[in-house]
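Structure, as structure tokens:
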Amino acid sequence: MADQNIMEKIVSLCKRRGFVYQSSEIYGGTGSVYDYGPLGTQLKNNLKSVWWQKFVIAREDIVGVDSAVIQNPKVWEASGHLASFTDPLVECRKCHNRFRYDHVEEIQKLKVKSQNNKSKFKIWFDSISPEQKSMLKCSKGGEHEFTEAMDFNLMFKTFIGPVEESSSVAYLRPETAQGIFINFQNILQSTRVKVPFGIAQIGKAFRNEITPGNFIFRTREFEQMEIEYFIKPNKEESEKSYQEWVELSEKFYTDLGIKKENLRIRPHEKEELSHYSIGTSDIEYKFPFGMSELGGIAQRTDFDLKQHERVSGKDLKYFDEETGRKYLPYVVEPSLGVDRAMLAFLVDAYDESDGSDGRAAGEVTLRLNPRIAPIKVAVFPLVKKDKLPEIAKEIYRKLQECGMSAYYDESGSVGRRYRRQDEIGTPLCVTVDFETLNDNKVTIRHRDTMKQVRVHKDAVWAYVEQRVLNPEKFFK
Ligand code: GAP
């Protein structure tokens, strides 16, 4: 199956089953902005809560913040975003479409590379996204005629208060990181953190991307999960912490089920580094449209705190009680996009049967790790009579009351109900049948192996909890 085909199937499944919808669809949509349906919301919440559990709740050295989306514009002057958060933009003089120049260059290089062989070229061309195709051909015919590249700032502008003038200009934050740096002193004063320590944040970020695309991979409104990890201010400490965070970040994905062979750690070339970084590695994932950035780890030194000290005029130094010295710590930043991670987890989990595993050819199983699966368990009565629905509903309600995301379904054959749950990644299905009336046992069927076991109806909660929530099973 061509990779682009997989992408189309995932987009279609997301819409059909309520993971992701085009935003404002009834009005024709908003460019590269998405809404999340019931299952997508649950999957995203699970991802965020597992990340928070792992990096904040389970660690003594990391605390959380939740800063505002609209911050004082001076924040962006200090961070360098006003001056440097730009992408090179080119416009075609014929069709007036605008593209990111580096994206056009990249896709043209790939085109030249695969052009020698006709069948190879076709496979490659079929695999690229519609956005990438539009970079190669002008909609008015022939080649694009591009203008010189010019810098385009990606921050969304707005105004604070009722008057739209330059003094009231504000920006929607393009990263969550700055909300951490501007609260550095507040956190030092209101908690007992000591270097090395981290501050974590999950929240929305906004970028007016020139060429968004590939579904929820690059959008204009998205969520980030970021940690600023503050360390002693020297390059050796920075390098050591950076290596640790690269490992921890990769492990976060693999512990949650992403196949290691689909990940790659790619250190940035010098000329690629952001204005604040002395060393960055991207963790890339093999998406159907090519190896692309999933998250990144950057050594930001004391760049941000220094800049905020300079622009705000406030002393942001940390007092080290051990040495009696005051300094601006260095920082290492692991950063991850929630929406992008969700796409990677969906792609990695998507499995279409070839008919050799006991399923019919073409049947889809979403092999999501149970920790992030939107529904943990579905409960079915075999038939809609003879007290089976009552027993099934009792089990279902008990699971819900205990905080388990459960689903009750009594329509269609049990086989069809299993398939509906497999397609959305539900790890376990519980069926109440006629035998239950005699032995009080139910059948629990496992999504991945299709193995079935009989369990006492009062032991269902414990059985499910052990298999879908037990953190020790997933974070070794
Ligand atoms: N604070 C550092 C920072 O923001 P970045 O590489 O620009 O670094 C971090 O962004 C992560 O945020 C990316 O690795 C990606 O997962 C996610 N991200 C960035 N831009 C995005 C976009 N337009 N749509 C979806 N996710 C995005």
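By convention here, the first residue in the shown sequence is residue 1. Whatever order the structure lists ligands and atoms in, that order sets their numbers, starting from 1.
- The residue among Tyr34, Phe217, Tyr285 with a heavy atom at the shortest distance from atom 25 (C) of ligand 1 is Phe217.
- The proximity of Arg300 to ligand 1, defined as any non-hydrogen pair under 4.0 Å, is limited to the side chain.
- For atom 7 (O) of ligand 1, the closest heavy atom belonging to the protein is Arg207 NH1, 2.8 Å.
- For residues 198-222, the set of pairs meeting the ring-ring contact (aromatic ring centres under 6.0 Å, His included) definition, not counting sequence neighbours, comprises Tyr34-Phe215, Phe217-Phe287, Phe217-Phe289.
- Not close to ligand 1: Asp339, with no non-hydrogen atom less than 4.0 angstrom away.
- For atom 14 (O) of ligand 1, the nearest protein heavy atom (residue, atom name, distance) is Glu293 OE2, 2.5 Å.
- Looking only at protein heavy atoms, the nearest one to atom 17 (C) of ligand 1 is Gly337 CA, 3.7 Å.
- Judged by the shortest distance from any of its heavy atoms, Tyr276 lies inside the 4.0 Å radius around the atoms of ligand 1.
- With a 4.0 Å heavy-atom cut-off, ligand 1 is reached by the backbone of Leu294 but not by any atom from C-beta on.
- Under the side chain to side chain donor-acceptor pair (under 3.5 Å) criterion, the residue pairs touching residues 225-238 are Asp61-Tyr229, Thr176-Glu226, Glu226-Ser335, Ser238-Gln299, with sequence neighbours excluded.
- Taking atom 18 (N) of ligand 1 as the reference point, the nearest protein heavy-atom neighbour is Phe222 CE1, 3.5 Å.
- Neither the backbone nor the side chain of Arg220 comes within contact range of ligand 1; no heavy atom lies under 4.0 Å.
- Taking the six-membered ring for Trp and thresholds of 30 and 60 degrees, His275 and Phe303 have ring planes more than 60 degrees apart, a perpendicular arrangement.
- Under 4.0 angstrom from ligand 1, the non-hydrogen atoms of Arg218 come from both its backbone and its side chain.
- Counting heavy atoms under 4.0 Å from ligand 1, residue Phe85 does not touch it at all.
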